[in-house]
Amino acid sequence: MELLTLELARARQRLHRAELALERANAMLDEDCGVGINLRLCDRIRSAQQRVGEAKARLVKLDRASTDSVHSG
């Protein structure tokens with residue numbers, strides 16, 4: 001059970017970091033930095049969006065596993 005709790009904490013932390021990176025990249029895109037910079041930021045935003053999605057999926061999977069272990073334990 002402790003391992004699952006640790007994994008849940010890591011997953012939440014990963015999600016939080018990915019959301020912050022996405023938020024920062026979007027904020028930078030709002031600044032007028034030129035086309036070259038904006039193209040790089042768009043790539044960064046897509047990457048951050050993917051990490052957010054992966055982190056959310058991992059968290060849901062772990063949360064379901066913790067719920068299942070509580071019900072079966």
Side-chain angles (χ1 to χ4, degrees):
M1 185 68 171
E2 289 179 28
L3 182 60
L4 187 56
T5 302
L6 180 61
E7 284 296 317
L8 278 168
R10 284 184 188 157
R12 283 187 200 101
Q13 188 176 42
R14 238 180 261 125
L15 175 58
H16 182 68
R17 276 193 242 134
E19 288 173 336
L20 280 176
L22 179 57
E23 187 178 309
R24 287 181 189 139
N26 278 318
M28 290 173 68
L29 188 60
D30 289 340
E31 299 171 6
D32 191 21
C33 300
V35 174
I37 300 292
N38 286 345
L39 290 175
R40 178 67 184 123
L41 281 171
C42 287
D43 184 47
R44 190 170 163 182
I45 288 169
R46 276 192 296 273
S47 176
Q49 287 171 331
Q50 182 178 356
R51 285 194 317 273
V52 167
E54 290 168 355
K56 282 182 180 180
R58 175 81 173 146
L59 187 57
V60 166
K61 181 180 176 183
L62 288 170
D63 196 36
R64 283 188 185 142
S66 70
T67 304
D68 291 344
S69 69
V70 168
H71 291 295
S72 64

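What you see is a predicted model, and the numbers here were worked out from it, not measured in a lab.
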* **Cluster check L59, L4: I/L/V/M/F/W/Y, side chain < 4.5 angstrom** => yes
* With sequence neighbours excluded, give me every salt bridge (charged side-chain N to carboxylate O under 4.0 Å, His left out) pair touching residues 42-54. => R40-D43
* To do: For A48 and A21, work out which heavy atoms get closest and say how close.
  => CB-C, 4.4 Å
* Asked: So which heavy atom on A25 is nearest to which on I45, and how close?
  -> CB-CG1, 3.5 Å
* Any pair counted as side-chain hydrogen bond (donor to acceptor under 3.5 Å, both in side chains), so long as it reaches residues 14-24, sequence neighbours left out -> Q13-R17
* Structure fact -> To the nearest 0.5 Å, atom OG of S47 lies from atom CG of L41 at 12.0 Å
* To do: Determine, stepwise, if the pair R58 / L62 fulfils side chain to side chain contact (heavy atoms under 4.5 Å, CB included).
  => CA-CA 6 Å; R58 175 81 173 146; L62 288 170; 3.8 Å; yes
* Return the set of residues passing side chain to side chain donor-acceptor pair (under 3.5 Å) with R10 (not counting sequence neighbours), or none when no residue passes. => E7
